[in-house]
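Here's the structure, in structure tokens; my notes come after.
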Number of protein chains: 2
Amino acid sequence: MDTADRPDAAAGRGPCAAIPAEQMDFVRQILDRVGDKWSMLVIAVLAAGPLRYTDLRREVPGISQRMLTLTVRQLQQDGLVTRTAYAEVPPRVEYALTPLGRSLHQIVTSLITWVADHHGQIREHRTRTGTAP
Amino acid sequence: MDTADRPDAAAGRGPCAAIPAEQMDFVRQILDRVGDKWSMLVIAVLAAGPLRYTDLRREVPGISQRMLTLTVRQLQQDGLVTRTAYAEVPPRVEYALTPLGRSLHQIVTSLITWVADHHGQIREHRTRTGTAP
DNA sequence: CTGGATCCCCCTCGATACTG
DNA sequence: CAGTATCGAGGGGGATCCAG
């Protein structure tokens with residue numbers, strides 16, 4: 001667009017473009033959650049319906065108990081999933097997405113759509129610059 | 001892979017909901033990039049226009065040379081930013097967003113919008129469960 | 001069955017110093 | 001000005017054992 005802005009470019013752009021810098025660290029927290037190795041997988045799996053601990057662990061390929069517990073706890077603290085423990089003789093705990101969790105899942109789904117839409121270009125650039133696929 | 005027969009609850013949901021599991025690791029790579037501490041900041045700053053190395057470093061608060069170099073290199077390899085080196089007496093290198101980078105920025109902007117829209121609920125849940133804000 | 005506790009490896013990132 | 005090289009601390013995450 002306008003190229004005349006470059007000399008004193010820092011003047012008009014502020015610390016981080018359109019990000020209010022007050023919400024910056026909060027946005028980063030959510031971004032961390034999104035970029036987390038397991039969070040989105042758990043959310044994606046739970047999007048199909050509630051699951052109990054063991055089933056959840058089976059559905060997420062390669063997750064350890066530790067990571068599943070930690071991930072689920074974080075998601076619960078953020079209000080993205082609910083944890084329902086039934087006081088039965090064999091303990092039963094069910095995890096389910098909250099409406100908030102579902103809305104985040106929708107957002108990430110759109111991101112995934114973007115990836116599916118552009119992964120060709122990205123792969124091309126990566127191979128062109130000598131990066132492993 | 002004979003077992004297209006997923007017994008029990010997993011029947012209808014597949015390995016990871018709507019994610020083809022073949023693109024799974026690739027999606028994760030992009031998710032990592034998005035969730036990366038610096039990538040989105042760099043993209044956000046560059047969204048306002050091209051910048052050279054030092055200016056870019058000044059615009060991103062708290063980034064080290066190392067991280068700036070690594071981040072920018074990754075983004076370049078993914079075809080999200082361009083690196084233009086001018087063979088001048090004082091070396092000058094300009095970084096700019098590619099159209100692909102701009103489109104990713106748009107996606108993340110929508111994510112940020114979501115955060116701005118729901119951070120109230122998340123904070124509420126966090127404080128309710130005794131998590132530090 | 002659900003998860004807490006512990007050990008430990010390894011990778012990431014930050015700070016510093018140096019080169020072209 | 002624009003990076004590269006090196007080192008060192010920190011934490012993420014896997015494996016395992018144990019408890020409620």
Side-chain angles (χ1 to χ4, degrees), chain A residues 6-10 25 28-29 31-42 45-46 50-77 81-96 129-132, chain B residues 8-10 24-25 28-29 31-42 45-46 50-78 81-96 129-132:
Chain A
R6 232 223 354 98
D8 52 355
D25 59 313
R28 279 240 65 261
Q29 292 177 37
L31 244 45
D32 274 343
R33 201 71 85 245
V34 170
D36 185 51
K37 186 175 180 181
W38 301 113
S39 296
M40 290 318 302
L41 287 179
V42 168
V45 166
L46 285 182
L51 279 182
R52 43 192 303 185
Y53 188 83
T54 305
D55 295 334
L56 191 52
R57 196 180 149 201
R58 258 220 337 227
E59 287 298 320
V60 180
I63 197 173
S64 61
Q65 299 108 332
R66 171 188 163 85
M67 279 302 102
L68 179 54
T69 300
L70 289 178
T71 300
V72 144
R73 183 186 298 162
Q74 299 242 322
L75 293 176
Q76 182 195 0
Q77 286 174 345
V81 310
T82 57
R83 179 187 186 274
T84 312
Y86 299 92
E88 301 174 359
V89 177
R92 181 164 65 99
V93 179
E94 275 204 347
Y95 296 94
T129 51
T131 306
Chain B
D8 50 44
M24 249 318 299
D25 59 312
R28 281 238 62 263
Q29 294 177 36
L31 245 43
D32 274 340
R33 200 74 84 246
V34 171
D36 185 50
K37 186 176 180 182
W38 301 114
S39 296
M40 290 320 300
L41 287 179
V42 169
V45 166
L46 286 181
L51 280 182
R52 43 194 301 186
Y53 189 84
T54 305
D55 295 333
L56 191 52
R57 196 180 150 198
R58 257 217 339 223
E59 288 296 320
V60 179
I63 196 173
S64 60
Q65 300 106 332
R66 173 187 162 84
M67 278 301 101
L68 179 54
T69 300
L70 288 178
T71 300
V72 144
R73 182 184 299 161
Q74 299 243 320
L75 294 176
Q76 182 196 359
Q77 286 174 345
D78 286 357
V81 310
T82 58
R83 179 188 186 275
T84 312
Y86 299 91
E88 299 175 358
V89 176
R92 182 164 66 99
V93 179
E94 277 204 347
Y95 295 95
T129 51
T131 308

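All heavy atoms count here, side chains included; hydrogens, waters and symmetry mates do not. The sequence lines fix the lettering, A, B, ..., with proteins before strands; numbering per chain opens at 1. These numbers come from a predicted model, not from an experiment.
- In terms of the side chain to side chain donor-acceptor pair (under 3.5 Å) criterion, residue partners of Arg28(B) (sequence neighbours excluded) are, by chain and number, Asp32(B).
- The structure places CZ of Arg58(A) at 13.0 Å from CG of Leu68(A), a figure rounded to the nearest 0.5 Å.
- Taken from CG in Leu75(A) to OG1 in Thr82(A), the straight-line distance is 11.0 Å, to the nearest 0.5 Å.
- Residues meeting the side chain to side chain donor-acceptor pair (under 3.5 Å) test with Thr71(A), sequence neighbours left out: none.
- Legend: residues meeting side chain to side chain donor-acceptor pair (under 3.5 Å) with Gln74(B), ordered by chain and number and at least two apart, are Arg33(B).
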Contact state string [nucleotides 4-20 of chain C, B base, S sugar-phosphate only, - no protein heavy atom under 4.0 Å]: S-B------BBBB---B
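- With sequence neighbours left out, the side chain to side chain donor-acceptor pair (under 3.5 Å) criterion links Thr69(A) to Tyr53(A).
- Rounding to the nearest 0.5 Å gives a distance of 10.0 Å between CG of Leu46(A) and CD of Glu59(A).
- Across all strands, Tyr86(B) comes closer than 4.0 Å to no nucleic acid atom at all (heavy-atom distances).
- First and last contacts of DNA chain D with chain B, using any nucleotide atom under 4.0 Å from a protein heavy atom and ordered 5' to 3', fall at dC1(D) to dT6(D).
- For residues 82-92 of chain A, the salt bridge (Lys or Arg N to Asp or Glu O under 4.0 Å) pairs, not counting sequence neighbours, are Glu88(A)-Arg92(A), Arg92(A)-Glu94(A).
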